[in-house]
Amino acid sequence: MGTTLKLYNTLTRTKVDFTPIDPDNVRMYVCGPTVYDFAHIGNARPAIVFDVLFRLLRHVYGEAHVTYARNITDVDDKINARALRDHPGLPLNDAIRLVTEKTDRQYQSDTKALGCLEPTVQPRATENIAKMIAIIETLIAKGFAYEASGEVLFDTRAMPDYGQLSRRNLDEQQAGARIAVEAHKKNPGDFVLWKLSSESEPGWESPWGRGRPGWHIECSAMSERYLGKVFDIHGGGLDLIFPHHENEIAQSRCAHGTPVMANVWMHNGFLQIEGRKMSKSEGNFFTIHELLETDKFAGRKWPGEVLRLAMLMTHYREPIDFSAKRLEEAERLIAKWPVAEANGAAPDERVLEALSDDLNTVAAIQALHALAAEASSSPEAAARFAASADLLGIKPKKVEVSEDLSAAVEALVAMRLEMLKAKNFAEADKIRDDLSARGVQLKDGKDPATGERVTTWEVKR
RNA sequence: GGCCUCGUGGCGGAGUGGUGACGCAGAGGACUGCAAAUCCUUGCACCCGAGUUCGAUUCUCGGCGAGGCCUCCA
């Protein structure tokens, strides 16, 4: 493939030509959910954005040559708190398992409904504790970490270029630090790699006693295990730049002695709800599940593909204002697009070019409009549309119609045509109105040869 | 206080040192018994100020405004 991918790299704040370390195995890591509660609509954005990138990489380098890892964080103090709250009678480990399994299952079904492919691997933190311990041991041995007050901490001063990703200077940060400095830390910016657990907290045996990992170490461990010490792309939400990604970089680079952890760092922008920050206290907090399956947002359910398109109508680095109006527009667009199969057709160059320019999904959607218009006149164009839409993970589909309904509608259509021949417009229109009320839209056309009226119909999408 | 984004028509939203995409909505028209669908045509915008320039919405600086991060957070 001659396609050159351009990606915006947060590390350099520039758009760069993407060159994989190994074109036979392009490697991408994206920070996945902490499974303590159902994912909210903001969490859907990275899932969708990086799914598009995954699809694009697979197209350019071949399906077998892309590895996409998205972790499941199933060890976290928020999970412990949730387990205690929701299952007070159970032993902690059982309660935790109930919480994480239920939440994980929901996440899998949510992302599937949003049209996301499954990542190549979805490693779990709890299955990679040994790897985390190994990295921490290396960090201590190399002088980048120290023990204090039952914690192992990363020594940020030991890393000369700490803060590159977020462009933060530790000295300047200190001046405005609002957080009380904990006395056992050598420097306020030092962060936890491992902390001891009480009897009532989940823990794993380690050289420092029974404990649990800090927040950032899991991603260092899992990305190394599945993608290697240095890999191509690391993605996540804007808010993860600091401290999460900054600290991942510190851990991985210092442990491995590498100049970078990942070559390209990509971050998606945030989402607002009807112009306001989404938060539980504002009362405008929505889970993906609520949007898909309940009337909580704007009084109705929203199909996954509508949520997906609404998300892709804005460039991934820009903020999105998620609103009912926007969802309605996305729904109208999808309803107008042709229902077709790709049948092995190649995606359109315009769409490919747009996506290759730092995932310009907006321009890609624009090209899709043009393709949709062409599709009505040729099956090849329709197939090309389908192949192109597939790169975005969008597949317009006809509403399934039962045999019974179909037969009933056909009968009514025939009846109406008879009435029209008799110029009985009132009765004919009543049939059309009744069908419309039942969600069936009639469309009259003319047979080009005979000039006779031909009526087609479809269930409103 | 420090760091980082962003400010384009009624709405969404690309892009560009020189004629300001595209979609939605709106208007007009074709078609229709009337609709729907489709097709054609069309009106409307680059936060403010200074600078660089023959020329800036695009570059620089300064304002104003919005948002994010500063150890919970996509």
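Proteins get letters first, then strands, A, B, ... in listed order; numbering begins at 1 in each. Below, all heavy atoms of this structure are taken into account, side chains as well, without hydrogens, waters or symmetry copies.
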Heavy-atom side-chain proximity of His59(A) to Leu352(A) below 4.5 angstrom: yes
Whole-Å distance separating the OH atom of Tyr316(A) from the P atom of rA74(B): 19 Å
Send over the distance from Glu331(A) CD to rC11(B) P, rounded to a whole Å. 22 Å
Whole-Å C1' distance, rG20(B) and rG63(B): 25 Å
Measure CZ/Phe242(A) against P/rC70(B) and give the value in whole Å, please. 8 Å
Mind calculating the distance between CG (Leu238(A)) and P (rC6(B)) to the nearest angstrom? 11 Å
Distances for protein N/O vs nucleotides 30-34 of chain B N/O pairs under 3.5 angstrom?
from	atom 1	to	atom 2	distance (Å)
rU32(B)	OP1	Lys446(A)	NZ	3.3
rG33(B)	N7	Arg453(A)	NH2	3.2
rG33(B)	N1	Asp429(A)	OD1	3.0
rG33(B)	N1	Asp429(A)	OD2	3.3
rG33(B)	N2	Asp429(A)	OD2	2.6
rC34(B)	O2	Arg432(A)	NH2	2.6
rC34(B)	N3	Arg432(A)	NH1	2.7
rC34(B)	N3	Arg432(A)	NH2	3.1
rC34(B)	N4	Arg432(A)	NH1	3.2

Please state whether the base of rG13(B) and the side chain of Glu318(A) form at least one donor-acceptor pair under 3.5 Å? no
Quick one: Leu327(A) CG to rC11(B) P, roughly how many Å, whole number? 18 Å
Should the pair Trp194(A) and Trp208(A) be assigned to parallel (<30°), tilted (30 to 60°) or perpendicular (>60°) ring geometry? tilted
How far apart are the C-alpha atoms of His245(A) and His216(A), what are their side-chain angles, what is the distance that settles it, and do they pass the ring-ring contact (aromatic ring centres under 6.0 Å, His included) test? CA-CA 8 Å; His245(A) 288 165; His216(A) 318 293; 9.4 Å; no
Side chain of Gln272(A), heavy atoms from C-beta onward: which of rA74(B), rG67(B), rG23(B) has the nearest atom to it? rG67(B)
Same-atom distance (P) from rG51(B) to rU58(B), integer angstrom: 14 Å
Which whole number of Å gives the distance between the C1' atom of rG13(B) and that of rG17(B)? 22 Å
Would you classify Leu271(A) as touching base, sugar-phosphate or nothing, given that sugar-phosphate means primed atoms plus P, OP1 and OP2, and contacts are heavy atoms under 4.0 Å? base
Rounded to whole Å, the CZ-P distance (Arg326(A) to rA25(B)) equals 16 Å
Testing rA74(B), rU38(B), rA21(B) for proximity to the side chain of Gln366(A), the answer is rA21(B)
Rounded distance in Å between the P positions of rC6(B) and rC59(B): 10 Å
Canonical and wobble pairing (Watson-Crick, G-U, under 3.5 Å) of RNA chain B, dot-bracket with |: (((((((..(((.....[...))).(((((.......)))))....(((((..]....))))))))))))....
Once you apply a heavy-atom cut-off of 4.0 Å, does Gly236(A) come out as touching a base, just sugar-phosphate, or nothing? sugar-phosphate
Asn360(A) vs rG13(B): side-chain N/O to OP1/OP2 distance below 4.0 Å: no
Looking across every strand, which nucleic acid part, if any, lies under 4.0 Å from Arg45(A) by heavy atom: base, sugar-phosphate, or nothing? nothing
Would you call the rings of Phe322(A) and Phe297(A) parallel, tilted or perpendicular, where under 30° means parallel and over 60° means perpendicular? tilted
So, the side chain of Arg212(A) versus the backbone of Leu196(A): is there a donor-acceptor pair under 3.5 Å, distance only? yes
Whole angstroms only, please: what is the CD1-C1' distance between Ile320(A) and rC6(B)? 14 Å
Less than 3.5 Å apart, any donor N or O on the side chain of Asp357(A) or Asn360(A) sitting next to an acceptor on the other? no
Taking OH from Tyr8(A) and C1' from rC6(B), how many angstroms apart are they, rounded to a whole number? 12 Å
If you look only at distance, which donor and acceptor atoms sit under 3.5 Å apart when one is on a side chain in residues 117-125 of chain A and the other is two or more places apart or in another chain?
from	atom 1	to	atom 2	distance (Å)
Thr120(A)	OG1	Tyr68(A)	N	2.8
Thr120(A)	OG1	Tyr68(A)	O	3.4
Gln122(A)	OE1	Arg70(A)	NH2	3.3
Gln122(A)	OE1	Gln108(A)	NE2	3.1
Gln122(A)	NE2	Gln108(A)	OE1	3.0
Arg124(A)	NH1	Asp74(A)	OD2	2.9
Arg124(A)	NH2	Asp104(A)	OD2	2.8

State which of rA74(B), rU71(B), rU38(B) makes the closest approach to the side chain of Asp239(A). rA74(B)
Check whether Glu201(A) reaches the backbone of Ser198(A) with its side chain - one donor and one acceptor, N or O, closer than 3.5 Å. yes
Please give the distance between the P atoms of rU16(B) and rG7(B) as a whole number of Å. 13 Å
Which nucleotide wins on minimum distance to the side chain of Lys443(A), given the candidates rA74(B), rG23(B), rA36(B)? rA36(B)
Tell me which nucleotide among rA74(B), rG13(B), rG15(B) gets nearest to the side chain of Asn268(A). rA74(B)
Among Ile140(A), Asp190(A), Leu139(A), which residue satisfies the side-chain contact (heavy atoms from CB on, under 4.5 Å) criterion with Tyr146(A)? Asp190(A)
Proximity to the side chain of His315(A) - top-ranked nucleotide from rA74(B), rG23(B), rA14(B): rA14(B)
Would you say Ser166(A) places a side-chain N or O within less than 4.0 Å of OP1 or OP2 belonging to rC69(B)? no
Looking only at side-chain atoms of Lys325(A), point me to the closest of rA74(B), rC11(B), rC24(B). rC11(B)
Under 4.0 Å, counting only non-hydrogen atoms across every strand here, what does Leu240(A) touch: a base, just sugar-phosphate, or nothing? sugar-phosphate
Please work out whether the ring planes of His234(A) and Tyr29(A) are parallel, tilted or perpendicular, with thresholds of 30° and 60°. tilted
Test applied, salt bridge (charged side-chain N to carboxylate O under 4.0 Å, His left out); reference residue, Asp390(A); option that passes from Arg384(A), Arg55(A), Lys395(A): Arg55(A)
Could you work out which one of rC4(B), rG23(B), rA14(B) sits closest to the side chain of Arg13(A)? rC4(B)
